[in-house]
Asker: 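The structure that follows is given in the form of structure tokens.
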Amino acid sequence: MLLALVQSNEEGQVCYQELIELMTSKRSSSFRRAIANGRRTLQREILLDETGLGLYKRFVRYVAYEILPCETDRRWYFHQNRLCPPPVFIAIVTIVQIIVFMCYGIMLNKWVLQTYQPDFMKSPLVYHPGHRAQVWRFFSYMFMHVGLEQLGFNALLQLMIGVPLEMVHGILRISLLYMAGVVAGSLTVSITDMRAPVVGGSGGVYALCSAHLANVVMNWAGMRCPYKLLRMILALVCMSSEVGRAVWLRFSPPLPSSGPQPSFMAHLSGAVVGISMGLLILRSYEESLQKQCSWWVIVFSFITFLLFAIFWNIFAYELLGVQIPPPP
């Protein structure tokens, strides 16, 4: 195993951290078995120097340099990558969101600011504080969107960032991160903006984006994605603009409405989930999360938040005398 690491290094050396990881068995069992079986005898050349690659393998190489900060991990991912299982979670979520939006757009004959239509807010998918006893709404709101601009922004980001992340880290980890952002978004709104409804998949999208951006910043020297500083600035500007637009629609609605407009707190809570849980997931490529103490600290914190939010939704509205707008 030590020789395999030496052969994968350009200078034929092993750094101290690699030695520590090897001796403490930090890598997952599948990773160690692959090394022991000799399947990780990688070429010494840098991955970018490989020629004669097909379209798919070039895309896999692009994903490796977009997501992974270590050249050893990039080459390992490139050589062991298979199409099975395919990255289907983000694709399915995006397709369902588009279909739902098209159905409501045709039914309402409105493609922007759909939340101003009373029939839109009557949907069984929208989270509304008056219907908070219907538990599925804390999840299903991610399929509804304010308008074409929000759907386009979310779909573009989750496809550009979510699909590569799912290809590298797997469907289980990325779906867990996405859904954690979605649930945290609706529960945070129910605590901090108690009169507001929620629509859109921004909680999950911001969990993915903030986790990826934080991982790039934490591993800045090792990341080899082109124009990373410019792309980082553009991503932050776009995400901030979307939050600003949501704040504007919440407090200064451009059209008369029968009740409060959707809250923006789902964006912020999704970012918090990404920076905490998501960053740990992305930094643990081919590593077992269950063996890391920090993972259980984050899981315990998330479960504590869920329990607090459940009790808050059961008791706080009546104790505080919150005047909830009548549900549609």
Side-chain angles (χ1 to χ4, degrees), residues 17-18 20-21 24 26-28 31 63-74 76-77 87 89-90 93 154 157-185 187-188 201-225 228-229 231-240 242-243 265-306:
Q17 185 61 36
E18 289 176 323
I20 293 297
E21 292 179 2
T24 57
K26 182 180 177 183
R27 291 289 188 175
S28 66
F31 188 94
V63 169
Y65 277 93
E66 284 289 314
I67 304 300
L68 296 171
C70 176
E71 183 67 22
T72 301
D73 286 340
R74 287 192 286 259
W76 167 241
Y77 167 74
F89 174 76
I90 295 296
V93 168
N154 286 347
L157 277 184
Q158 67 190 22
L159 287 175
M160 290 181 61
I161 296 179
V163 171
L165 288 177
E166 188 177 347
M167 289 178 63
V168 174
H169 297 281
I171 185 173
L172 291 179
R173 292 189 176 190
I174 298 306
S175 60
L176 172 64
L177 175 58
Y178 188 92
M179 295 308 300
V182 169
V183 175
L187 291 178
T188 301
S202 299
V205 172
Y206 273 63
L208 296 178
C209 294
S210 59
H212 178 59
L213 294 180
N215 188 47
V216 171
V217 172
M218 295 289 291
N219 300 279
W220 189 262
M223 298 301 290
R224 291 293 181 265
C225 47
K228 56 184 177 183
L229 179 59
R231 294 164 62 183
M232 174 78 68
I233 295 174
L234 288 176
L236 292 175
V237 168
C238 292
M239 293 171 66
S240 301
E242 171 63 16
V243 174
M265 291 302 298
H267 299 71
L268 305 182
S269 59
V272 172
V273 170
I275 294 174
S276 55
M277 178 186 295
L279 181 59
L280 179 61
I281 290 177
L282 300 194
R283 295 181 64 185
S284 302
Y285 171 67
E286 278 288 350
E287 298 179 20
S288 176
L289 292 173
Q290 292 83 350
K291 297 180 180 179
Q292 302 184 46
C293 179
S294 54
W295 169 251
W296 293 110
V297 171
I298 292 176
V299 170
F300 176 78
S301 302
F302 191 77
I303 293 176
T304 302
F305 167 73
L306 290 181

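As the structure is a computational prediction, the values presented were derived from the model and not from experiment.
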Asker: Kindly say whether Val237 contributes a backbone atom to a donor-acceptor pair with the side chain of Ser240 at under 3.5 angstrom?
Answerer: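 Checking the backbone N and O of Val237 against the side chain of Ser240, no donor-acceptor pair under 3.5 Å is found.
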Asker: When rounded to the nearest 0.5 angstrom, what distance separates CG in Asn215 from CD1 in Ile275?
Answerer: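 Between atom CG of Asn215 and atom CD1 of Ile275 there are 12.0 Å.
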Asker: Write down the atom of Ala180, the atom of Val273, and the distance for their closest heavy-atom approach.
Answerer: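 The pair with the smallest heavy-atom distance is CB-CG1, 4.0 Å.
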Asker: Is any side-chain heavy atom of Arg231 closer than 4.5 Å to one of Glu66?
Answerer: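 Glu66 reaches Arg231 side chain to side chain.
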Asker: Nearest 0.5 Å, what's the NE2-CE distance between His267 and Met239?
Answerer: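 That separation rounds to 9.5 Å.
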Asker: If you measure from CG on Leu229 to CH2 on Trp220, what distance do you get to the nearest 0.5 Å?
Answerer: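 If I round to the nearest 0.5 Å, the distance is 5.0 Å.
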Asker: Would Glu242 and Tyr206 satisfy side chain to side chain donor-acceptor pair (under 3.5 Å), going step by step from the backbone distance to the final call?
Answerer: CA-CA 11 Å; Glu242 171 63 16; Tyr206 273 63; 5.5 Å; no
Asker: Would you name the heavy atoms of Thr188 and Ser269 that are closest together and state the gap between them?
Answerer: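 So the two residues come closest at OG1-CB, 3.3 Å.
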Asker: Do you know the tightest heavy-atom contact between Phe302 and Ala184?
Answerer: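 Where Phe302 meets Ala184 most closely, the heavy atoms are CE1-CB, 4.2 Å.
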Asker: Do Met223 and Tyr65 come close enough that some side-chain heavy atom pair is under 4.5 Å?
Answerer: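 Sidechains of Tyr65 and Met223: no contact.
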Asker: State the CG-OG distance between Leu236 and Ser210, to the nearest 0.5 angstrom.
Answerer: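 Atom-to-atom, Leu236:CG and Ser210:OG are 10.5 Å apart.
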Asker: Return the minimal non-hydrogen interatomic distance between Leu279 and Ala214, and the atom names on each side.
Answerer: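 Closest approach of Leu279 to Ala214, heavy atoms only: CD1-C, 3.8 Å.
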Asker: To the nearest 0.5 angstrom, please state how far the CH2 atom of Trp295 sits from the OG atom of Ser288.
Answerer: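 Answer rounded to 0.5 Å: 10.5 Å.
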Asker: Rounded to the nearest 0.5 Å, what separation is found between the CD1 atom of Ile67 and the OH atom of Tyr77?
Answerer: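 Those atoms lie 8.5 Å apart.
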Asker: Let me check something: any side-chain donor-acceptor pairs from residues 160-177 under 3.5 Å, sequence neighbours excluded? List them with distances.
Answerer:
from   : atom 1 : to     : atom 2 : distance (Å)
Glu166 : OE1    : Ile90  : N      : 3.2
Glu166 : OE2    : Val88  : N      : 3.1
Glu166 : OE2    : Phe89  : N      : 2.9
Arg173 : NH1    : Ser284 : O      : 2.8
Arg173 : NH2    : Glu287 : O      : 2.5
Ser175 : OG     : Ile171 : O      : 2.6
Ser175 : OG     : Leu172 : O      : 3.0

